[in-house]
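Please read the structure below before turning to the comments.
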Amino acid sequence: MSCVRVATWNVNSVKQRVARLLPWLDQRQPDVVCLQETKLTDSAFTELLGGELAGRGYAMALHGEVQWNGVAILSRVGLDDVVTGVVGAPGFPLPEARAVAATCGGIRVHSLYVPNGRTPGSDHYAYKLDWLAALRDVLAAGPEVAIACGDLNIAPTDADVFDPDAYIGQTHVTPPERAALAELTALGMRDVVRDRWPDRRVFTYWDYRAGMFHKDLGMRIDLVLASGPVAERVRAAWVDRQARKGTGPSDHAPVIVDLDEAPDGDIGPVVPPPSAPAAKRGSTKLPQSS
DNA sequence: ATGTCATCCTCCGGATGA
C-alpha cells in the first residue's frame with residue numbers, strides 16, 4: 001500500500017545543513033519536502049544540491065535570495081504549476097522569499113516562512129500580520145486539496161511553548177498572531193500534528209542557547225495545515241527530534257506527515273515504474289537511530 | 001550568561017537576524 005510522505009523543515013541555511021539534509025532524505029524517504037530558511041539564491045541552491053537531489057529523484061521548486069529567508073519544495077511525486085511568493089503580500093520593504101507553492105501528487109503544497117515579527121508593535125510585527133492576511137486570501141482562493149507547511153512563527157496555544165510566562169511580551173504567542181493563524185484554520189485547514197497528539201508535549205524549535213534542546217524547552221511553530229480532504233488521509237504526523245540531535249543541527253526539527261493514497265486514486269503514481277526504481281522506504285545508508 | 005549559530009563585509013571581528 002503506497003502512501004505519500006510530506007515533510008517540512010526549517011534548515012537554517014541549506015549550505016550549512018547539507019551534511020544533515022542528505023542523510024535525512026535517505027533515512028526518512030520523504031516524497032515531498034518543504035524547506036525554509038535556505039538562505040541561498042536559486043542558482044546557488046541548484047549548484048549546491050541539484051545533482052544530489054536529482055539523483056534521489058527529486059524535482060525542485062526554488063524561491064531564494066542572497067542572504068536571508070528562502071524556501072523550496074522538493075518532490076518525487078510530481079511538481080507542477082509552481083508559484084513563488086504570496087499574491088498581495090507586503091514586503092519589508094521589498095518582497096522577501098517566504099513562500100513557494102506547487103502541485104505535487106494532486107495536492108497543492110505551500111512551503112511557508114512567515115515573518116518573525118521581532119517585537120510586538122514593531123513595523124516587522126505589522127508586516128507579519130499583513131503577510132498572514134495575504135496568505136489567508138491565497139489559501140482561500142486556492143484548490144480544495146491543499147497543505148500549507150512551514151515555519152509559521154506562531155505557537156498556536158500556550159500548550160505549544162515550554163512556559164507561557166517566558167513568552168509574555170514576546171512574539172509568536174500574542175492574540176493577534178494567534179487570530180491570524182485561526183483565520184487559516186477557519187478555512188478548514190487542520191493542524192494535523194496537534195490533531196494526532198492532543199495532549200502531547202511536542203515542540204519543533206529549540207533555541208541553540210543554554211541547552212534548550214537538551215532540556216526540551218522549545219516551541220511548536222513549524223506546522224502542517226491540511227485541508228479537509230488531505231487531513232482525512234493522515235496516517236501519521238510527528239516531529240523528527242532525531243534530526244535536532246548530534247553535530248551541526250538546525251535549530252528546528254522536521255515535521256513528517258504520512259498520507260494514505262487518495263480514495264479516488266487521483267494522486268497519480270507514487271510508485272515509480274520499474275524503469276526508474278527508487279529506494280524503498282526504510283532502506284537507508286544510515287543506522288536507524290532509536 | 002548578552003548563553004548559539006547563521007549571515008554579511010569598510011573582510012577574520014563586528015553588526016545584524018533569529
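Each chain gets a letter, A, B and so on, in the order the sequences are listed, and its residues count up from 1.
Neither side chain, Trp9(A) nor Asp240(A), offers a donor N or O lying under 3.5 Å from an acceptor on the other. Side-chain atoms of Ser2(A) and Glu261(A) form a donor-acceptor pair, as typed in the model, at a separation below 3.5 Å.
Between Met212(A) atom CE and dT4(B) atom C1' the separation is 11 Å, expressed in whole Å. Distance, Trp206(A) CH2 to dC5(B) P: 16 Å, rounded to whole Å. Distance, Arg244(A) CZ to dT4(B) P: 13 Å, rounded to whole Å. Remark: P of dA6(B) and CD of Gln36(A) are 17 Å apart, rounded to the nearest angstrom. Between the CD atom of Gln67(A) and the C1' atom of dC5(B) there is a distance of 14 Å, given to the nearest Å.
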Are there any protein N/O atoms within less than 3.5 Å of an N/O atom in nucleotides 14-18 of chain B, and if so, which ones and at what distance?
residue	atom	partner	partner atom	Å
dA18(B)	OP2	Arg118(A)	NE	2.7
dA18(B)	OP2	Arg118(A)	NH2	3.4

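Tested against Arg220(A), the residues Asp191(A), Thr204(A), Thr157(A) include a single side-chain hydrogen bond (donor to acceptor under 3.5 Å, both in side chains) partner, Asp191(A).
Taking side-chain N and O atoms only, Ser13(A) has a distance below 4.0 Å to OP1 or OP2 of dT7(B).
The P atoms of dT16(B) and dA1(B) are separated by 26 Å, rounded to the nearest whole Å. Nucleotides dC12(B) and dT7(B), compared at atom C1', are 14 Å apart to the nearest Å. As rounded to the nearest Å, dC5(B) and dT10(B) have P atoms that lie 26 Å from one another. The P atoms of dT2(B) and dG13(B) are separated by 24 Å, rounded to the nearest whole Å.
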Output, in order, the C-alpha distance, side-chain angles, deciding distance and verdict of salt bridge (charged side-chain N to carboxylate O under 4.0 Å, His left out) for Arg244(A) and Asp216(A).
-> CA-CA 11 Å; Arg244(A) 182 62 176 79; Asp216(A) 197 24; over 6 Å; no

Steps toward salt bridge (charged side-chain N to carboxylate O under 4.0 Å, His left out) verdict (Arg5(A), Asp258(A)) | CA-CA 4 Å; Arg5(A) 172 166 282 185; Asp258(A) 288 340; 2.7 Å; yes

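Residue Leu139(A) belongs to a hydrophobic cluster whose other members are Val86(A), Val87(A), Phe92(A), Leu112(A), Val114(A), Tyr127(A), Trp131(A), Leu132(A), Leu135(A), Val138(A), Leu152(A), Ile154(A), Leu181(A), Leu184(A), Leu187(A), Met189(A), Leu223(A), Leu225(A), with links defined by side-chain heavy atoms closer than 4.5 Å.
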